[in-house]
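Here is the structure we will look at, set down as structure tokens.
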Amino acid sequence: MDSDAEHFQKVSHRQDFYSPDILPHLQTVLADLADIDFAYEKSLDCIRQSEADEDRKSEMIVGLWRLHRERRAPYIQELMVLRSRMEETFA
């Protein structure tokens, strides 16, 4: 097994690094997803703590889950595009 220094030397001599715009884009997409997830969890807590009856809470939770998935979908798609770009670099 390579030591860290040997691994660094091998990697540092390679020419195929992914585009420098990928990392900031990846960080932005992941931060946006975290914001969406946080908002979902906050809304979910509000629904669970509401005084609505259980059937109404269930309906609201289903609607909230659908909205959550819809909001996340373009970001998940963008992650898949970024992953493909990264994989192409090292293929």
Side-chain angles (χ1 to χ4, degrees):
M1 180 172 225
D2 292 339
S3 71
D4 289 339
E6 290 170 335
H7 176 72
F8 178 75
Q9 285 179 338
K10 287 179 183 178
V11 170
S12 66
H13 293 318
R14 291 181 64 177
Q15 296 299 317
D16 48 351
F17 287 99
Y18 53 81
S19 175
D21 70 315
I22 290 178
L23 183 58
H25 193 139
L26 179 61
Q27 290 171 328
T28 299
V29 172
L30 291 173
D32 290 343
L33 278 170
D35 290 344
I36 290 168
D37 289 345
F38 181 77
Y40 167 76
E41 291 295 330
K42 188 173 178 181
S43 296
L44 186 59
D45 285 343
C46 287
I47 292 171
R48 288 182 174 152
Q49 294 175 12
S50 75
E51 295 183 16
D53 63 59
E54 293 304 313
D55 288 338
R56 180 65 184 131
K57 285 182 185 182
S58 293
E59 291 172 9
M60 290 189 297
I61 289 171
V62 167
L64 180 63
W65 176 245
R66 273 193 209 115
L67 178 62
H68 179 62
R69 284 191 347 225
E70 289 171 10
R71 289 184 68 206
R72 284 177 54 90
Y75 296 94
I76 299 300
Q77 185 65 34
E78 188 61 28
L79 285 177
M80 293 170 59
V81 169
L82 289 170
R83 180 180 178 183
S84 293
R85 286 180 59 196
M86 290 174 10
E87 287 174 348
E88 286 172 5
T89 300
F90 298 106

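- Considering every non-hydrogen atom in both M60 and A52, the closest pair reads CE-CB, 4.0 Å.
- At a threshold of 4.5 Å between side-chain heavy atoms, the hydrophobic network of Ile, Leu, Val, Met, Phe, Trp and Tyr places L64 and F38 in two separate groups.
- For the pair R85 and E88, the salt-bridge criterion is not met [side-chain N within less than 4.0 Å of a carboxylate O].
- For R69, there are no side chain to side chain donor-acceptor pair (under 3.5 Å) partners two or more places apart in sequence or in a different chain.
- The shortest heavy-atom contact between R71 and A39 is NH1-CB, 4.3 Å.
- In this view, E59 and R56 satisfy the side chain to side chain donor-acceptor pair (under 3.5 Å) rule, not counting sequence neighbours.
- For I61 against I47, the heavy-atom pair with the smallest separation is CG1-CG2, 3.7 Å.
- The hydrophobic cluster containing L30 also contains I36, counting ILVMFWY residues as joined when their side-chain heavy atoms lie under 4.5 angstrom apart, directly or transitively.
- Cluster membership for M86 and I76, using ILVMFWY side-chain heavy atoms within less than 4.5 angstrom, is shared.
- Residues K57 and R48 come closest through the heavy atom pair NZ-O, 3.0 Å.
- With sequence neighbours excluded, no residue satisfies ring pair (Phe, Tyr, Trp, His ring centres under 6.0 Å) with Y75.
- Put simply, V29 and Y40 are part of two different groups of oily side chains (I, L, V, M, F, W, Y) that touch within less than 4.5 Å, one to the next.
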